[in-house]
Undergrad: 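I have a structure I would like to understand better, so I am pasting it below and will then ask my questions one at a time.
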Amino acid sequence: MAPVTARSAGAGIGTVIFFSLAVAYFFCDRRSNSSKNNKKKKKKKKKKSKNGIIDAIGNTPLIRINSLSDATGCEILGKCEFLNPGGSVKDRVAVQIIEEALESGQLRPGGIVTEGSAGSTAISIATVAPAYGCKCHVVIPDDAAIEKSQIIEALGATVERVRPVSITHKDHFVNIARRRASEANEFALKHKKSQPNGTDAQQINGYKSDEDNHNSLFPNDCQGGFFADQFENLANLRAHYEGTGPEIWEQTEGKLDAFVAAAGTGGTVAGVSKFLQEKNPNIKCYLIDPPGSGLFNKVTRGVMYTKEEAEGRRLKNPFDTITEGIGINRVTRNFAEAKLVGAFRGTDMEAVEMARFLVKNDGLFLGSSSAMNCVGAIKVAQSIGPGHTIVTILCDSGMRHLSKFCNAEYLSRLGLTPKATGLEFLGIK
């Protein structure tokens with residue numbers, strides 16, 4: 001047996017020390033990683049719950065629409081606004097309008113918010129108003145899908161269904177809603193139950209009563225009325241400038257090339273385009289416009305109507321589209337703020353085909369305005385070419401469009417039965 005020299009003994013001790021340090025490092029590292037993982041788990045567990053329904057509105061997912069992206073060579077992303085509690089992008093608007101009205105004193109708890117709406121905004125107001133201690137009264141055109149009225153009533157709001165007429169007519173649904181707010185203020189003054197001590201009993205929410213008698217649609221404890229005025233109230237635009245736009249910017253990390261959406265009130269397309277343009281002027285924002293609407297002409301030619309018509313001369317409602325909530329023949333205060341570089345026309349047939357295509361290929365069950373927005377995304381992709389990122393809004397689901405846009409018999413009567421197997425209806429094979 002060879003003698004143990006000082007060198008070999010030292011080497012042995014060194015090996016033992018090295019091995020011991022390695023083992024210690026291994027276990028310490030595992031403990032450290034375990035501690036980090038536990039902290040991550042604890043952080044996830046500590047995730048705060050939402051503070052009521054209002055806190056659950058916004059921060060909706062931005063998803064890749066796989067079928068459209070693969071077909072165009074662009075990244076086409078949809079902002080899933082149908083996942084808001086009230087089921088649409090209008091939840092944001094309802095909250096902004098009510099909060100600003102309460103803050104300004106135009107509305108008080110116990111008051112009635114009135115609105116003229118084709119459906120989605122009315123549903124959203126009816127959804128969130130109770131969270132602020134308010135009620136809701138809606139005037140809706142009677143050609144809107146019946147399930148929208150049913151949903152609004154189920155939410156506890158009152159509904160008036162009226163014949164659709166031109167906005168210039170005193171009985172246009174928006175004009176009736178405006179009158180209802182004045183009547184609610186007058187009714188509250190008459191009963192004088194809402195007046196705090198020291199307040200002028202002749203004035204409520206800035207409205208002075210003329211003491212006229214009228215039939216009331218309001219409960220005895222009504223605290224006055226407030227007309228939401230989604231078309232002209234810039235709280236609409238602010239909801240998207242302060243919420244939807246920044247969310248899109250953050251979710252894309254600022255890496256997007258284009259945004260496209262249809263317009264009804266104009267709040268979404270205006271608020272989002274204004275925000276994105278301020279962040280990066282190179283982002284191109286577009287309008288997709290349905291049949292019967294004059295906004296395409298306004299964006300592309302500077303006038304609302306066709307060359308054969310004199311602007312402002314139309315006397316009746318000219319809409320010829322089955323899409324609901326989009327398309328209009330006047331420039332609202334909200335739409336006037338939009339920062340658009342161009343516009344595209346979409347057809348009812350394209351919207352119907354798109355809705356069926358997305359159900360079949362992506363499992364996305366969308367409403368008419370959402371389908372039209374996706375038509376717009378394809379048209380933008382075809383215009384600017386592959387390799388770009390395009391964002392659009394998935395406003396609501398098909399759940400509130402069952403009796404019309406998603407009804408095979410209804411579509412058949414209008415000659416809109418979908419037949420496409422792919423995207424050939426948009427020139428893509």
Side-chain angles (χ1 to χ4, degrees), residues 116-121 140-145 148 161-169 171-175 230-232 260-270 286-332 334-336 338 340 342-355 366-376 379 393 395-396 400-401 403-407 410-418 425-426:
S117 168
S120 288
T121 303
I140 188 170
D142 64 6
D143 60 350
K148 293 184 178 181
R161 287 172 65 85
V162 300
R163 291 299 302 159
V165 292
S166 169
I167 186 65
T168 59
H169 195 288
D171 289 331
H172 184 276
F173 61 94
V174 170
N175 296 331
Q230 59 168 327
F231 288 87
E232 308 302 330
V260 60
T265 65
T268 305
V269 72
Y286 298 89
L287 173 77
I288 177 72
D289 210 29
S293 174
L295 296 181
F296 171 83
N297 287 320
K298 191 67 177 178
V299 173
T300 58
R301 297 179 49 247
V303 294
M304 186 64 75
Y305 305 119
T306 62
K307 294 178 181 178
E308 293 75 26
E309 297 171 314
E311 187 169 8
R313 296 283 180 85
R314 288 188 174 182
L315 300 178
K316 62 180 182 179
N317 184 357
F319 294 167
D320 184 22
T321 179
I322 63 166
T323 60
E324 294 184 357
I326 56 175
I328 193 171
N329 273 315
R330 68 184 191 277
V331 176
T332 66
N334 284 288
F335 186 80
L340 304 173
F344 298 90
R345 275 284 191 205
T347 69
D348 282 349
M349 193 74 247
E350 288 170 341
V352 170
E353 292 282 17
M354 177 60 75
L366 302 177
S368 58
S369 54
S370 300
M372 187 64 81
N373 282 349
C374 289
V375 169
K379 290 177 182 278
I393 303 292
C395 317
D396 66 359
R400 57 185 65 169
H401 297 266
S403 65
K404 295 183 71 176
F405 186 71
C406 299
N407 185 298
Y410 173 81
L411 294 176
S412 178
R413 290 200 302 268
L414 297 175
L416 293 173
T417 300
F425 61 94
L426 288 170

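All values below come from the heavy atoms of this structure, side chains included, with hydrogens, waters and symmetry mates left out.
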Undergrad: Between Phe425 and Val352, is there a side-chain heavy-atom distance shorter than 4.5 Å?
TA: no
Undergrad: When Cys395 is tested against each of Ser120, Ser369, Ser368 for side chain to side chain contact (heavy atoms under 4.5 Å, CB included), which residue passes?
TA: Ser369
Undergrad: How far does SG of Cys374 sit from CD of Glu353, to the nearest 0.5 angstrom?
TA: 14.0 Å
Undergrad: So, the side chain of Ser166 versus the backbone of His169: is there a donor-acceptor pair under 3.5 Å, distance only?
TA: no
Undergrad: Could you work out, with ring-ring contact (aromatic ring centres under 6.0 Å, His included) as the rule, every residue matching Phe344, not counting sequence neighbours?
TA: Tyr286
Undergrad: Please confirm whether the backbone N or O of Gly294 pairs with a side-chain atom of Asn329, one donor and one acceptor, at under 3.5 Å?
TA: yes
Undergrad: With side-chain contact (heavy atoms from CB on, under 4.5 Å) as the test, would you mind laying out the steps for Val269 and Leu340 before giving the verdict?
TA: CA-CA 9 Å; Val269 72; Leu340 304 173; 3.8 Å; yes
Undergrad: Please report the closest heavy-atom contact between Val260 and Gly376, naming both atoms and the distance.
TA: CG1-C, 3.9 Å
Undergrad: Under 3.5 Å, side chain of Asn334 to main-chain N/O of Gln230, donor-acceptor pair present?
TA: yes
Undergrad: Quick check: do Met372 and Glu350 have side-chain heavy atoms less than 4.5 Å from each other?
TA: no
Undergrad: Okay, side chain of Lys404, backbone of Asp143: is any donor-acceptor separation there less than 3.5 Å?
TA: yes
Undergrad: Looking only at non-hydrogen atoms, find the nearest pair between Phe296 and Thr300 and report the distance.
TA: O-OG1, 2.7 Å
Undergrad: Output yes when a side-chain donor or acceptor of Asn373 lies under 3.5 Å from a complementary backbone atom of Ala262, and no otherwise.
TA: yes
Undergrad: Any chance you could lay out the salt bridge (Lys or Arg N to Asp or Glu O under 4.0 Å) test for Arg400 and Glu324, step after step, and finish with the verdict?
TA: CA-CA 11 Å; Arg400 57 185 65 169; Glu324 294 184 357; over 6 Å; no
Undergrad: For a quick test of reading the model, state the closest non-hydrogen atom pair linking Asp348 to Pro291 and the distance between them.
TA: OD1-CD, 3.8 Å
Undergrad: Using side-chain heavy atoms (C-beta onward) and a distance below 4.5 Å, is Asn297 in contact with Asp289?
TA: no
Undergrad: Are Asp396 and Ser370 close enough that some pair of their side-chain heavy atoms sits under 4.5 Å apart?
TA: yes
Undergrad: Indicate yes or no for a side-chain donor-acceptor contact from Arg345 to the backbone of Pro290 under 3.5 Å, with no hydrogens or angles considered.
TA: yes
Undergrad: Please report the closest heavy-atom contact between Met304 and Lys298, naming both atoms and the distance.
TA: N-CD, 4.0 Å
Undergrad: When you compare the side chain of Met354 with that of Leu426, does any pair of heavy atoms fall below 4.5 Å?
TA: yes
Undergrad: Which heavy atom of Phe405 sits nearest a heavy atom of Ala371, and at what distance?
TA: CZ-CB, 4.1 Å
Undergrad: Could you go through the side-chain contact (heavy atoms from CB on, under 4.5 Å) check for Thr121 and Phe231 one step at a time?
TA: CA-CA 11 Å; Thr121 303; Phe231 288 87; over 6 Å; no
Undergrad: Strictly distance-based, threshold 3.5 Å: is any side-chain N or O of Asn175 a donor or acceptor partner for the main-chain N or O of Ile167?
TA: yes
Undergrad: Does the side-chain contact (heavy atoms from CB on, under 4.5 Å) test come out yes or no for Ile322 and Tyr410, once each step is laid out?
TA: CA-CA 10 Å; Ile322 63 166; Tyr410 173 81; 3.8 Å; yes
Undergrad: Rounded to the nearest 0.5 Å, what separation is found between the CD1 atom of Ile288 and the CG atom of Leu295?
TA: 11.5 Å
